[in-house]
Structures are given as C-alpha cells and as structure tokens.
Undergrad: 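Take this structure, written in structure tokens, and hold onto it; I'll ask about it next.
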There are 2 protein chains.
Amino acid sequence: MPVYQKIAKELEDDLRHKYQAGDYLPSESQLAKYFQVNRHTVRRAIDELVTAGLILRHQGKGNMVLRQPADYYLHAGAHFTGNLLEQGSLPRCEVLQSRTLVASERLARKLDCEPESKIIHLRTYRKMDGVPRTVIDHYLSDYSWWPVIKHFQSGSLHNFIKKELGVELERKSTRLRAQIPNTEYCRLLQINSSIPLLIIRTTNVIKGTEKVAEYSSSNTRSDVIELVMEH
Amino acid sequence: MPVYQKIAKELEDDLRHKYQAGDYLPSESQLAKYFQVNRHTVRRAIDELVTAGLILRHQGKGNMVLRQPADYYLHAGAHFTGNLLEQGSLPRCEVLQSRTLVASERLARKLDCEPESKIIHLRTYRKMDGVPRTVIDHYLSDYSWWPVIKHFQSGSLHNFIKKELGVELERKSTRLRAQIPNTEYCRLLQINSSIPLLIIRTTNVIKGTEKVAEYSSSNTRSDVIELVMEH
DNA sequence: ACGAATTTGTACGTATGTATG
DNA sequence: CCATACATACGTACAAATTCG
C-alpha cells in the first residue's frame, strides 16, 4: 500500500479518536514532519479524506475536520431527511453573501421581470454537524427591498420578509433535479464531482397574487439528504 | 485561472472534436511537452477530467476517453420534464420482469409486513426517444394478487390493479434522493457511473386505509429529467 | 519466456502565489 | 506588514503495469 494511503488511514483513525468536527488538523508541514514524508505526500493523503467528505480545506487557515468517520458508516441508513415542502424558507440558514445585481436574461425570465433590471441576490447556507451542506441562492425581484434585506443575517428569510416588509410569500412551483456540481459548488460544499447535487428550484409569489417575488435555487449534497413528502 | 484548469478546458474541448470514446489521449509526457508545462501539471488537468467522468486512467497503457462532453450541453434545454405526483403510475411503461420473492428485512419494513413472507416484484421501464430512461421496481405486499398481476404487460400498473382487482391505491409518502448508479442500473439504463440517478421511492396504501399495498422505487437518469410540482 | 521501452503511479525536493489573522 | 498555511508549479527519480520485439 502506498505511503499516502497509509497516512490517510492513520489520519482517518485520528479523526475518530483525537479530533472532533470543527477542529483543525495540524498544518500540512507539521504532519509532514511528523510522518517523516514530504508535504506533497501528506497533501495527497488529505485529498483522500477531502474526497470522502471528512475534511474541509481552508486556504490560509487550515484543514478542518468535518465529521468523524463513525458517522460515515451510518450513511446508507442515516441520511439527513428534509421536507420538500419546507425547503423554500429554511428555518436555520446563514448569509454567505448579499448583493444587488443586474438581471440576466435567464433570471429575468424566472423572476418575470425585465432583463437588465436591478435585483437582489442572497446566498445563504445551511449547516449540519457544523458544516455547510446546502447552499441556496435567492433572487428577489423587488429592488426596493434592498435597504431592509441587506440586514438579514440568519434565520428564516421568508419570516424576515414577512416581519420586516409585511409581505407573505407563497410557493408557486418547484423544480427538482440532480446534477454533477460545478467547480464553484464543489468548493462551497467541499465535495468533488463524484457526489451529485440535489437541486431544488422554486418560484415564490406574493401571497394571493401572481406577482413573482423570489426565485431560489437550493443545492444540497445528495449523499447527506433524502427528501420526504407525506401526502 | 490556474494553468491546470486552462489545460483541462482545452483537453475537454479536444474531447469534443478530436477524440472519440475509446480513444487514448497522447501520453502525459507528450501532452506536457505540447503544453510546455511539467508532467504534474498535465496530470492535475487530467485529474479534473477523470473526476468529471470523461477519462479513465490505465496504468502502463494510457488515459482513455470515456465519452464526449457534447452530451453535456444537450442537458440544459433538452430535459424531459416529469410531474412528481404522477410518478406512481406511469401511463406508458413496459414490464421487464415479474416474479414472486421472499421479503427481505428491509422490504418487509417498507411494506409493513412480515419478513420471509412472499411478495410480488415487478420491474418496469419507461423509454424516451427509444431508450430506457427510467427503471421502476414495484413491490406488492399482497401475494394473492399474483395470478392477476402476472398478466400485466404494459400501461399503467395502478389502473390495471384498479380495473382487475377493484383496488384503488393512494400515495402515502414520497422519498427522493440522488445517487451514483450501481452496475446493474448502469447496464439497464445504458449509462456510466458519472451520471447520477434520481430515485423516487413511494409507499402506496389502499385508498382510505393505512394498509400498505405497494412500495416502489423509480430510478431515472438525472441528465434527462427535471421533476416539477405546481402548487 | 524474457527483457526493453513506454506509460502511468508514487515520492522527494524546491519555489512561489494567495488567503488568513 | 508579517508570519503562517494552503495552492500551484517546476524539476527529478524510481516503481509498477503494459506492450512488443
């Protein structure tokens, strides 16, 4: 067995006993010194763990422990279970970035507004076990909401809008697909492209009207989720 | 953009125009010379394509082209769109096999019956453009239906059951996930393992009761489908 | 059957870029 | 601005698998 695989095994073992989710590994240089190998070899070993979803790389910061491999083996049976109908307004999400932008052709179509018009973009994420598992892009068609929306920090976006703007949103349609993640989502969710994403796209209207207020796209690692609908 | 990503892009472009599935790329050394970079850099670029499911490495032999990314670009526009709620009783499906079997632990749990009891298994498929896109496994808990069910050939299973057995089925729950296909489904759906499956599992009860009559698992190539719910 | 040439796989070393605190 | 840590890239060497004479 190659050296890097041995080190990967040993590290995986350490994850189980020495570290907890959220901890940072010793730096690659330190590990290289400890294992008496080149730093590349340690990196290769850590690559294995990243691919397995156990480690998250942070440039300039360090390699974070995502979860303990004990969880790992539960996988087959122990998926996080989400409700398909709750999806649009995740109760516990945090803002990754918020900004305004000019609507592309495609977004304008989704939001039923003019191309080139200014809209709001929020990117939020949801953690499980302290780690981002879902990244959601929200696009809001009403630019006048920006002074309020820009203060949204965490919690439920829909509740925030209801409370601060007095507007209640209602889901109009849901589209669902699975796809190999692009490089951006690979980075955000720390997976490689062997793990598909489950993508849920919803259109939300202002309650009781046909006016499209929000288009959102939620992207979840498919290895940790199973969506449920009870009829 | 890093050099290795540029090279990956260029190679991906070459896959579309210069190579066919089954071809071998020039050796890494040759590519390194051509791109005027170190062999490591080429390797890193090829790693990207391997991860994307486009290339297969063969030690001592070379790097084989698996498929052309041309398939990819059909995606966006050419999706089959299915309705999530129609799922249980596909109007046009054909029987691949039908048999009886003894319920495993897992199936018994799903069907709410005793392990080791005899149940019915139907495997059906649905074609689009002449190619199987969806394979559905139906498990029926009531073995006494077998003399009737075994004559089901094509059409809608639920309609058949209603007509021939006078029993109406009703969906109780739906679970949805995405997963890399196993070898059996790769064969059935004629894909390789880089295309995820969209899996919908439903539990159906006899209308108006809590009696579970059917558990079904539908497996669709995720590159040709988008599920829709209108609310 | 064997060895040489080719090709990918692993490992070491070094240097520089980029993000974080 | 600086130190630290990860990211990328160059170079070299040898091991392991495959092919072919």
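Being a predicted model, the structure only gives us computed values, none of them experimental. Just so you know, these numbers use all the heavy atoms, side chains as well, and skip hydrogens, waters and symmetry mates. By convention in this document, chain letters (A, B, ...) are assigned in the order of the sequence lines, proteins followed by strands, and residues within each chain are numbered from 1.
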Undergrad: Do any N or O atoms from the side chain of B:Q30 and from the backbone of B:S27 form a donor-acceptor pair under 3.5 angstrom?
TA: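 Pair found, side chain donor or acceptor close to backbone of B:S27.
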
Undergrad: Between B:E105 and B:R109, does any side-chain N to carboxylate O distance fall below 4.0 Å?
TA: yes

Undergrad: Quick one: CD1 on B:I199 to CG on B:N219, what's the gap to the nearest 0.5 Å?
TA: 5.0 Å

Undergrad: Of the options A:V50, A:I55, A:L11, which is the one that meets A:N63 in a side-chain contact (heavy atoms from CB on, under 4.5 Å)?
TA: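 Answer to the side-chain contact (heavy atoms from CB on, under 4.5 Å) test with A:N63 among A:V50, A:I55, A:L11: A:I55.
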
Undergrad: Going by salt bridge (charged side-chain N to carboxylate O under 4.0 Å, His left out), A:K207 matches just one of A:E170, A:E214, A:E168. Which one?
TA: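 Exactly one pass, corresponding to A:E168.
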
Undergrad: For B:N63 and C:dT7, is the shortest distance between a side-chain N/O and OP1 or OP2 below 4.0 Å?
TA: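 Answer is no, no contact under 4.0 Å.
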
Undergrad: Roughly how far, to the nearest 0.5 Å, is the CG atom of A:L198 from the CG atom of B:L198?
TA: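 CG of A:L198 is found 6.5 Å from CG of B:L198.
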
Undergrad: Taking only residues two or more places apart in sequence or in another chain, which ones pass side chain to side chain donor-acceptor pair (under 3.5 Å) with A:S144?
TA: A:D142

Undergrad: Which residue in the set A:L101, A:L140, A:V102 passes side-chain contact (heavy atoms from CB on, under 4.5 Å) when paired with A:I119?
TA: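 Output: one option passes, namely A:L101.
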
Undergrad: Quick one: on DNA chain C, does B:E28 or A:M1 contact a more 5' nucleotide (nearest heavy atom)?
TA: B:E28

Undergrad: Could you list the protein-to-nucleotides 19-21 of chain C atom pairs, N/O on both sides, closer than 3.5 Å?
TA:
none

Undergrad: What bend angle does the helix from C:dC2-D:dG21 to C:dG21-D:dC2 show across its length, from five-pair end axes and to the nearest 10 degrees?
TA: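 That helix has its two terminal axes inclined by roughly 10°.
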
Undergrad: Counting only non-hydrogen atoms, which of residues 33-40 of chain A are less than 4.0 Å from DNA chain C?
TA: A:V37, A:N38, A:H40

Undergrad: Taking the six-membered ring for Trp, are A:H121 and A:Y139 parallel (under 30°), tilted (30 to 60°) or perpendicular (over 60°)?
TA: parallel

Undergrad: I'd like to check B:Y4 versus B:D47 (side-chain heavy atoms, cut-off strictly below 4.5 Å). Are they in contact?
TA: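 SC-SC contact between B:Y4 and B:D47 ruled out.
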
Undergrad: Let me know the distance between OH of B:Y24 and C1' of C:dT7, rounded to the nearest Å.
TA: 11 Å

Undergrad: How would you list, by chain and number, every residue that makes a side chain to side chain contact (heavy atoms under 4.5 Å, CB included) with A:K33, sequence neighbours excluded?
TA: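 None.
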
Undergrad: When you list every nucleotide of DNA chain D with an atom under 4.0 Å from a heavy atom of chain A, which one comes first 5' to 3', and which comes last?
TA: D:dA5 to D:dA9

Undergrad: Hey, does B:R177 have a side-chain heavy atom less than 4.5 Å from the side chain of B:R201?
TA: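 Yes, close enough: below the 4.5 Å cut-off.
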
Undergrad: Using 4.0 Å as the upper bound for N to carboxylate O, is an ion pair formed by A:D13 and A:R16?
TA: yes

Undergrad: Could you check whether A:R43 gets within reach of a base, just the sugar-phosphate, or nothing at all, counting any heavy atom under 4.0 Å?
TA: base

